[in-house]
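One structure is given below, encoded as structure tokens.
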Amino acid sequence: YVLEKGFGYLSRLCEKDSFVDFGCGKGRALAVAAYYGFKNITGIDFSPALCSIAEENIDGIKALYPGTAFNILCEDAVNYKIPKDQAVFFFFNPFDEVVMLTVVKNMLASLKENPRKVYVMYANSVYKEIFLSAGFEEIYYFRKMRYLEMTILTKELQNSNSNAPA
């Protein structure tokens, strides 16, 4: 429920090109991202068993979303180099604090290398403070009952070659 609320809010704010799920598990958020119109969808998970299940689940829905590219990567999230075109990132509290710190550092490095606006959808955001202390701004928060919550954060770095006076 909170995933759909988050996508509903986010759909009004950004282009629905890229979506990355850190800790994608069986791929549910990937399927929901396709439903909401994202075209380049990546899931990352450390577990080969979960990656295999996610691939099977995605294979079952690909025909419903022609023109959507799905990519399941079985790797450690700390080693994932974020491409310059990825702008929406999803977390369902998949890591401990140490891993989350490294992933946020990788996001900041990607932003510095390729300035753009990015969005983070964070369900049950145990380590939200890591994002806030890294300069992300919370723009949406929804909570249902005690443990179901969705936070959306954003951060934008602009190209230093923009219309700055000489």
Side-chain angles (χ1 to χ4, degrees), residues 1-33 36 38 40-51 54 70-160 162:
Y1 180 75
V2 295
L3 185 62
E4 291 177 0
K5 291 288 277 186
F7 273 113
Y9 180 82
L10 189 62
S11 290
R12 298 176 287 156
L13 300 179
C14 67
E15 291 187 35
K16 296 183 244 177
D17 185 41
S18 68
F19 176 84
V20 180
D21 182 355
F22 282 93
C24 70
K26 297 177 182 180
R28 177 165 173 69
L30 306 176
V32 177
Y36 276 90
F38 285 87
N40 296 299
I41 300 171
T42 300
I44 304 165
D45 206 290
F46 187 73
S47 166
L50 289 174
C51 288
F70 293 93
N71 190 21
I72 308 295
L73 303 174
C74 191
E75 67 179 76
D76 191 330
V78 300
N79 297 324
Y80 182 65
K81 181 159 172 46
I82 299 169
K84 66 180 179 181
D85 61 338
Q86 291 181 336
V88 178
F89 306 97
F90 176 71
F91 300 87
F92 193 133
N93 200 33
F95 317 124
D96 64 17
E97 184 176 13
V98 173
V99 173
M100 187 63 86
L101 278 166
T102 304
V103 170
V104 171
K105 282 183 186 177
N106 292 345
M107 290 175 76
L108 294 173
S110 176
L111 271 173
K112 186 175 181 183
E113 187 175 316
N114 301 292
R116 63 196 184 279
K117 189 169 195 171
V118 297
Y119 296 91
V120 172
M121 293 178 63
Y122 193 176
N124 296 349
S125 51
V126 173
Y127 301 114
K128 176 171 57 175
E129 188 57 43
I130 292 172
F131 287 95
L132 295 173
S133 65
F136 284 79
E137 175 189 1
E138 183 176 38
I139 58 171
Y140 177 80
Y141 178 82
F142 175 80
R143 181 174 171 174
K144 181 175 176 131
M145 300 184 336
R146 186 172 179 188
Y147 294 108
L148 298 174
E149 65 179 7
M150 175 62 70
T151 299
I152 297 179
L153 305 116
T154 190
K155 183 168 179 75
E156 181 174 17
L157 287 184
Q158 296 183 355
N159 194 333
S160 60
S162 62

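One is the number of the first residue; the rest follow in order along the sequence.
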*Decide yes or no for Asp21 and Ile41: does some side-chain heavy atom of the first lie under 4.5 Å from some side-chain heavy atom of the second?*
no
*Would you check if Asp96 and Val99 make a side-chain contact, meaning some heavy-atom pair closer than 4.5 Å?*
yes
*So, does Ser18 use its side chain to make a donor-acceptor pair with the main chain of Asn40 at under 3.5 Å?*
no
*Using atom types as modelled and distance alone, determine if a side-chain donor or acceptor of Asp45 lies under 3.5 Å from a backbone N or O of Gly25.*
yes
*Go through the steps for Val88 and Lys16 under the test side-chain contact (heavy atoms from CB on, under 4.5 Å), then give the verdict.*
CA-CA 8 Å; Val88 178; Lys16 296 183 244 177; over 6 Å; no
*Answer yes or no: is there a side-chain heavy-atom contact under 4.5 Å between Met107 and Phe136?*
yes
*Please test Lys155 against Leu108 for side-chain contact (heavy atoms from CB on, under 4.5 Å), starting from the C-alpha separation and ending with a verdict.*
CA-CA 9 Å; Lys155 183 168 179 75; Leu108 294 173; 3.5 Å; yes
*Aromatic rings Phe95 and Phe91: how do their planes relate, parallel, tilted or perpendicular, breaks at 30° and 60°?*
perpendicular
_Counting only heavy atoms not in Phe46 (residues, nucleotides, ligands), do more than 12 fall under 6.0 Å from its CZ?_
no
*Check whether any side-chain heavy atom of Phe19 lies under 4.5 Å from a side-chain heavy atom of Leu30, and answer yes or no.*
yes
*In Å, rounded to the nearest 0.5 Å, how long is the span from OH of Tyr9 to CD1 of Ile139?*
4.5 Å
*So do Val126 and Met100 actually touch side chain to side chain, heavy atoms under 4.5 Å?*
no
*Using ring pair (Phe, Tyr, Trp, His ring centres under 6.0 Å) as the criterion, point out the one residue from Phe131, Tyr140, Phe90 that pairs with Tyr122.*
Phe131
_Do Val20 and Phe22 make a side-chain contact, defined as non-hydrogen atoms from C-beta onward lying under 4.5 Å apart?_
yes
*Compare all side-chain heavy atoms of Tyr127 with those of Asn93 and state whether any distance is below 4.5 angstrom.*
yes
*Closest heavy-atom contact between Ser11 and Tyr36?*
OG-CD2, 3.6 Å
*Smallest separation among heavy atoms of Gly23 and Pro94, with atom names*: CA-CB, 4.0 Å
*Quick one: ring-ring contact (aromatic ring centres under 6.0 Å, His included) partners of Tyr141, sequence neighbours excluded?*
none
_Please report the interatomic distance CG(Leu73) to OH(Tyr80), rounded to the nearest 0.5 Å._
6.0 Å
*asked:* Using a 3.5 Å distance criterion without hydrogens, assess whether the side chain of Thr151 forms a donor-acceptor pair with backbone atoms of Ser125.
replied: no
*Can you name the closest pair of heavy atoms from Lys26 and Leu50 and give their distance?*
CG-CD2, 4.0 Å
*List the atom of Ala54, the atom of Ile72, and the distance in Å for their closest heavy-atom pair.*
CB-CD1, 4.1 Å
*Less than 4.5 Å apart, any side-chain heavy atom of Val118 and any of Ile82?*
no
*Write out all pairs satisfying salt bridge (Lys or Arg N to Asp or Glu O under 4.0 Å) with one or both partners inside residues 101-115, taking only residues at least two apart or from two chains.*
Lys81-Glu113
*Side chain of Asn106, backbone of Val78: donor and acceptor closer than 3.5 Å?*
yes
*Out of curiosity, Leu10 CG to Lys5 NZ, how far, rounded to the nearest 0.5 Å?*
14.0 Å
*To the nearest 0.5 angstrom, please state how far the CG atom of Leu153 sits from the CD atom of Glu137.*
9.0 Å
_Show every salt bridge (Lys or Arg N to Asp or Glu O under 4.0 Å) that has at least one partner inside residues 115-135, sequence neighbours left out._
Lys128-Glu138
